[in-house]
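Next up is a structure, given as structure tokens.
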2 protein chains.
Amino acid sequence: MLHLNRPKKRDNSTDSRTAILNAAVVSFGERGYYGTSLQKIANTVGMTKAGVLHHVGSKEGLLDIVLDEVYDPCTETIINNFRMTDRPNVARMWREVVAINAKRPEQVHMFSTLDAEAIDPKHPAHEYFRKRDQNLLEEMLQIPWYVPGSTNIGALLQAGFSMMDGIQLRWLRAPERDLNQMWAECEAELMPMPMWEGYR
Amino acid sequence: MLHLNRPKKRDNSTDSRTAILNAAVVSFGERGYYGTSLQKIANTVGMTKAGVLHHVGSKEGLLDIVLDEVYDPCTETIINNFRMTDRPNVARMWREVVAINAKRPEQVHMFSTLDAEAIDPKHPAHEYFRKRDQNLLEEMLQIPWYVPGSTNIGALLQAGFSMMDGIQLRWLRAPERDLNQMWAECEAELMPMPMWEGYR
DNA sequence: GTCTATAGTCCGATAGAC
DNA sequence: GTCTATCGGACTATAGAC
């Protein structure tokens, strides 16, 4: 292929990198951080351990990269979409989050597994998940949600996001089901209809 | 010691065994199945790997024993308590579950970590968690819960147990908080008060 | 950027002495 | 029932050739 004078786009490099990150998402989801080995990831992407380490530095480096570069951006987009809406609608926000997650089961799988593993303060992603939880709630509380007058918005947000974590676990365990539908049933219970008429 | 004709109470044995199981609960919680090593458990209980293996047979054997012998009995007790009640009250049932879990954080920690890890069909506890989910819902649906007329009881149970999984994760990440109180806020959202007056 | 080779550690499990 | 010793294998990471 050397006769092609295409400017050596460095595609090999970025391709390898994203291949590694994709394989890492799957492995962190299926086996967690401790159960993941660079050897397996290397096999998946057709490299050696040393080749993988060249790109990510270390196993912890791989974890950091995957969380910062792959998982984070999606969630931030959602929040920013709602920051400038007038009459911001909690139910719709949750539906949008669910719709996005329904299309990225591997990432949700990774999130769920690492989230539980990282309860332990010694886990390398413990701080990441702690701060993420905290920041999410703080940012959500600053939005002037349009809700029934009696609503305790803090409690509602905590309850709703907790329910979403749980329903996503159940969905991942039975992937033939439709996450959007499962959440629709949850929504109907969390924000029942006579009371939430006109608010969702 | 052969001169003692005490009936060889085998207390050393049961002590070692329960010590091993307790250490396993903690380790499976903090590091998951893959992250747990028999060596560490042996160190914790003051034995060698070989000594531990004598009691549990294999690492998978240890996992099975812990789930069947330590975790399961608690949950079964709760369900049976409610099977014979008249006017069974869902809200009270959930409060009792939460009250029990609030007093056994290590076991809840183990449950949460293994539950997420076991999403993967290749995990040694995958079938255990799949069947547990299924059985729990089936048994709960057979109970004639006393609820407002409009309630979709299947959806309510799914939503409630999902919310409980999520809130327990948050509690474990911030253990200074009170799980019972956290759940009380969730209950108020899931079964809001004008509608659930007299039902909880 | 990817490789081979290697260092050094830890793993689960077994055999057999006491 | 607990130990020592040991097997065979997997792991992260580094050094250095190409």
Side-chain angles (χ1 to χ4, degrees), chain A residues 1-2 4 6-24 26-28 30-66 114 117 120 122-125, chain B residues 1-24 26-28 30-66 114 117 120 122-125:
Chain A
M1 300 294 190
L2 287 175
L4 290 175
R6 264 200 287 134
K8 186 78 158 74
K9 287 168 38 194
R10 304 185 71 73
D11 259 354
N12 279 349
S13 176
T14 53
D15 281 1
S16 296
R17 206 183 129 93
T18 59
I20 289 168
L21 298 192
N22 288 337
V26 172
S27 181
F28 285 147
E30 288 179 351
R31 317 251 326 188
Y33 176 75
Y34 301 122
T36 288
S37 81
L38 299 178
Q39 178 67 78
K40 279 264 184 71
I41 290 178
N43 293 345
T44 304
V45 302
M47 273 193 215
T48 60
K49 283 179 292 185
V52 172
L53 279 166
H54 168 74
H55 286 279
V56 301
S58 70
K59 191 181 172 182
E60 268 204 50
L62 176 58
L63 178 64
D64 294 342
I65 293 171
V66 163
L114 291 180
E117 216 182 21
D120 178 27
K122 292 182 291 288
H123 190 282
Chain B
M1 299 294 193
L2 288 174
H3 64 285
L4 288 177
N5 55 4
R6 261 199 291 136
K8 187 84 155 75
K9 289 169 33 190
R10 306 185 73 73
D11 256 354
N12 280 348
S13 177
T14 53
D15 281 1
S16 297
R17 206 183 126 92
T18 59
I20 289 167
L21 298 192
N22 288 337
V26 173
S27 181
F28 284 148
E30 289 180 351
R31 317 252 324 189
Y33 176 76
Y34 300 122
T36 288
S37 80
L38 299 177
Q39 179 67 73
K40 278 263 184 72
I41 291 178
N43 293 345
T44 304
V45 302
M47 274 192 213
T48 61
K49 279 182 296 183
V52 172
L53 279 167
H54 169 75
H55 287 278
V56 302
S58 69
K59 192 182 173 184
E60 268 203 49
L62 176 58
L63 177 64
D64 293 342
I65 294 171
V66 164
L114 292 179
E117 217 182 20
D120 179 26
K122 293 181 293 282
H123 191 281

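The sequence lines fix the lettering, A, B, ..., with proteins before strands; numbering per chain opens at 1.
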I want to check something: taking the side chain as every heavy atom from C-beta on, are B/N22 and B/V45 in contact at a cut-off of under 4.5 Å?
no

I want to check something: taking the side chain as every heavy atom from C-beta on, are B/R31 and A/K122 in contact at a cut-off of under 4.5 Å?
no

Would you say C/dC3 has OP1 or OP2 under 4.0 Å from some side-chain N or O of A/T48?
yes

I want to check one thing: is the phosphate of D/dT2, taken as OP1 and OP2, less than 4.0 Å away from some side-chain N or O of B/H55?
yes

What is the bend of the helix from C/dG1-D/dC18 to C/dC18-D/dG1 when you compare the axis at one end with the axis at the other, using five pairs each and rounding to 10°?
10°

What nucleotide, of D/dA13, C/dA13, C/dA15, holds the atom closest to the side chain of B/L53?
C/dA13

Within the 4.5 Å heavy-atom criterion, are B/S37 and A/Y34 side-chain neighbours or not?
no

For nucleotides 8-11 of chain C, list the nitrogen or oxygen atoms of the protein found under 3.5 Å from its nitrogen or oxygen atoms, one pair per line.
unit_1 : atom_1 : unit_2 : atom_2 : d
C/dC11 : OP1    : B/S37  : OG     : 2.7

Measure the spacing between CG of B/L62 and CG of B/L38 and express it to the nearest 0.5 Å.
6.5 Å

Here the pair of heavy atoms bringing A/I20 nearest to A/V52 is CD1-CA, 4.1 Å

Are side-chain heavy atoms of A/I65 and A/R17 found at a separation under 4.5 Å?
yes

Starting at atom CD of A/E60, determine the distance to atom P of D/dC11, rounded to an integer number of angstrom.
18 Å

From OH of A/Y34 across to P of D/dT12 the rounded distance in Å is 14 Å

Tell me whether the side-chain N/O atoms of A/S16 come closer than 4.0 Å to OP1 or OP2 in C/dT2.
yes

Interatomic spacing from NZ in B/K40 to OG in B/S27 - rounded to 0.5 Å
7.0 Å

Under-4.0 Å side-chain N/O to phosphate OP1/OP2 contact, B/H54 with D/dT2:
no

For A/M47 and C/dC3, give me the distance from atom CE to atom P, rounded to whole Å.
7 Å

Are the side chains of B/K59 and B/Y33 in contact, using a 4.5 Å heavy-atom criterion?
yes

With the side chain counted from C-beta on, respond yes when A/V66 and A/V56 share a heavy-atom pair under 4.5 Å apart, and no when they do not.
no

